[in-house]
Each structure stands twice: as C-alpha cells, then as structure tokens.
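Structure, as structure tokens:
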Amino acid sequence: MTQRRDRAWLLKFMSDPKGMIDSGDPYAVQLLQDARGVVMPSFPGMTPAMAEALLSLVEAESALEKSQFAGLQISDRPFTAQDVLLGRRLVRGEVAFSGGGTACLACHTLRGVGALGGGKLGPDLTKVYERLQGRKPLSAWLSAPATPTMQSLFAQAPFTADEILPLVAYFEDTARQGGQDVSAHSVTFLLFGLGAAVVGLVALDGVWNKRFRAVRRPLVESVGPKR
C-alpha cells in the first residue's frame, strides 16, 4: 500500500474516503472507478490512532505469504444448471442462507419474479453481473459487501463459498438472458394501472351523474313551480 501512496495520504483516506473523493483527489477518484462506483464506507468512531493501528496491521499482513484474513476461495469451475437453480432459490428465499441472512428479494428485485415481486430498498439485480463486470468481481463483492445496508445485514451472517457460487451463477444466467430490467416492466405496469384507474373514475362519474339526475328530477317536480 505505502508503495503507491505515502502513509499520510492513506491515513487521510481511511479516515474519510468519501471526503477525499469529493475533494477531487485524482487517486481517490481512480480507486472509485476501479471499484465500479462502490464507495469505501466510513467507519464510525475512526480516530487517527485507530487508522494508524489498522494501517500497520495491513502492512504486517501484506508481508506474510498468506494473510490470516485471506478471503473465501470461490471455485472457478463452470456453472451448472443445479447452481443456477440453487441461486434462484436462495435469491427468492426458498432456501435460507446458512448464516440466517435476509433473502435478496426482501430488498431487491430482478427479472423473473413478477411485476410486483421483490423490494425497492436496494438496486435492481437483473444486470448486476454485467455492472460488476463478471464472475470474480461479483464473487469478491459478495464475500465482503461494501454498502452500509449490506454490512448491517451480513456482518454477523456472511455468505459462504457454497452460497456465493450459486448466487453468481444465477445472476450470470439472468444477465445472459438479456431483455429489460424489472424496473422497466414495473413502470409499464404502473402506467397501465393508472390508466385503468382513470377509466374507472370516469365510468363511476357517469353512473353517479345519471343516478343523481334520476333522484333530483322527481324531487323538483314534487315541489312544483314557485308562485
């Protein structure tokens, strides 16, 4: 790390990554691009002393042949139909994650789950395989999700290697099928629903006016003309 940027820069970035990016620092902006738009989260309560200790730990681990914090080893074997099916069931919540994590559809949606299926808290996952540019980056992201929401949900219940592989297989299959995101179908469904509602209101208005006139006419005739 210190071979690419000096210790002072690294400590400043660790303390406030978003602030460094917003300031226009060229290297911070490049890191954001390399991470495909995922901003490194700021850790609450981070102090200069904590940043120093964390940086020293990273330097020490980097000098080892294999770090004790090495990430999950995800198989690079070809995906199978069984992988895709299991990934679909995990996403839909039909099979629970081993750590007890929330099913993907609680916060996300994607093509193939119905016009109103899935949540809206997170982004559409239909083309997440393409957005993160393939198998390895997506596997790495699922191994250590970077967004605050995902961290809060999976910090104590991370995905296992046996879950990440089918998830990536399913997302790859979904992206390969092509077509529009679910969001596009949702907009069409919403517009159709609004149109149907307008037609229904117009029809009810016509029926109500006819009924009102039918009631009003006898009342007027019973009163008769005023003298």
Side-chain angles (χ1 to χ4, degrees), residues 1-76 97-102 104 106-108 110 119-165 167-168 171-172 175 181:
M1 291 176 62
T2 53
Q3 295 176 350
R4 286 176 289 179
R5 280 295 177 272
D6 60 38
R7 195 176 185 88
W9 189 96
L10 292 170
L11 291 172
K12 186 176 180 182
F13 182 78
M14 291 167 65
S15 299
D16 186 14
K18 188 175 185 303
M20 290 282 284
I21 293 170
D22 292 342
S23 71
D25 183 274
Y27 194 69
V29 173
Q30 183 61 49
L31 289 177
L32 179 66
Q33 294 174 352
D34 293 343
R36 299 168 181 82
V38 178
V39 180
M40 174 180 167
S42 297
F43 294 95
M46 176 69 78
T47 64
M50 290 173 61
E52 283 275 5
L54 182 57
L55 183 55
S56 296
L57 175 63
V58 172
E59 288 179 323
E61 290 294 323
S62 300
L64 300 176
E65 182 177 351
K66 183 178 180 180
S67 171
Q68 62 177 315
F69 303 111
L72 293 176
Q73 299 301 308
I74 309 299
S75 173
D76 59 357
F97 291 113
S98 59
T102 305
C104 303
C107 300
H108 302 272
L110 73 166
K120 302 299 182 183
L121 177 62
D124 188 307
L125 297 179
T126 300
K127 296 184 178 179
V128 67
Y129 188 89
E130 295 178 357
R131 288 201 305 270
L132 292 183
Q133 301 183 11
R135 176 171 180 159
K136 288 186 177 180
L138 179 54
S139 296
W141 198 94
L142 290 171
S143 298
T147 61
T149 301
M150 288 286 286
Q151 288 180 344
S152 65
L153 291 174
F154 293 97
Q156 303 302 321
F159 299 119
T160 66
D162 290 336
E163 292 167 341
I164 291 176
L165 182 69
L167 285 174
V168 175
F171 292 139
E172 188 272 341
D181 288 346

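For clarity, every value in this text was computed on a predicted model and none was experimentally measured.
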Practice task
Only pairs at least two apart or in different chains count here, so list each ring pair (Phe, Tyr, Trp, His ring centres under 6.0 Å) that has a residue in residues 133-156.
Solution key: Phe154-Phe159

Problem - Side chain Glu163, main chain Ser98, donor-acceptor under 3.5 Å - result: yes

Practice task
Without swapping roles, check the side chain of His108 against the backbone of Leu125 for a donor-acceptor pair under 3.5 Å.
Solution key: no

Determine the minimum heavy-atom distance between [X] and [Y], stating which atoms define it.
{"X": "Ala51", "Y": "Ser15", "result": "CB-OG, 4.2 Å"}
{"X": "Met46", "Y": "Leu54", "result": "CE-CD2, 4.3 Å"}
{"X": "Ile21", "Y": "Val29", "result": "O-CG2, 4.0 Å"}
{"X": "Leu110", "Y": "Thr126", "result": "CA-OG1, 3.3 Å"}
{"X": "Ile164", "Y": "Ser143", "result": "CD1-OG, 3.4 Å"}
{"X": "Ala175", "Y": "Glu130", "result": "O-OE2, 3.7 Å"}

Is there side-chain contact between [X] and [Y], with heavy atoms separated by less than 4.5 Å?
{"X": "Ser139", "Y": "Arg135", "answer": "yes"}
{"X": "Leu11", "Y": "Pro48", "answer": "no"}
{"X": "Pro123", "Y": "Arg131", "answer": "yes"}

Handout entry: Rounded distance [0.5 Å steps], CD in Glu172 versus CG in Leu167
Key = 13.5 Å

Residues forming a side chain to side chain donor-acceptor pair (under 3.5 Å) with [X], sequence neighbours excluded:
{"X": "Thr102", "answer": "none"}
{"X": "Thr149", "answer": "none"}
{"X": "Asp76", "answer": "none"}

Exercise for the section: Any salt bridge (charged side-chain N to carboxylate O under 4.0 Å, His left out) involving residues 10-32? Give me the pairs, sequence neighbours left out, ordered by first then second residue. Expected result: Lys18-Asp22

Practice task
Among residues two or more places apart or on two chains, list those pairs meeting salt bridge (charged side-chain N to carboxylate O under 4.0 Å, His left out) that have a residue in residues 137-152.
Solution key: none

Exercise for the section: Could you tell me whether the side chains of Thr160 and Asp162 share a donor-acceptor contact shorter than 3.5 Å? Expected result: no

Handout entry: Donor on one side chain, acceptor on other, Ser56 and Arg7, under 3.5 Å
Key = yes

Exercise for the section: Examine Arg5 relative to Tyr27 and say whether NZ or CZ is less than 6.0 Å from the centre of the six-membered ring and inside a 45° cone about the ring axis. Expected result: yes

Practice task
Count the heavy atoms belonging to other residues, nucleotides or ligands that lie under 6.0 Å from CD of Gln156, then report whether that count exceeds 12.
Solution key: no

Problem - side chain to side chain contact (heavy atoms under 4.5 Å, CB included) between Met20 and Trp9, intermediate numbers included - result: CA-CA 10 Å; Met20 290 282 284; Trp9 189 96; 3.3 Å; yes

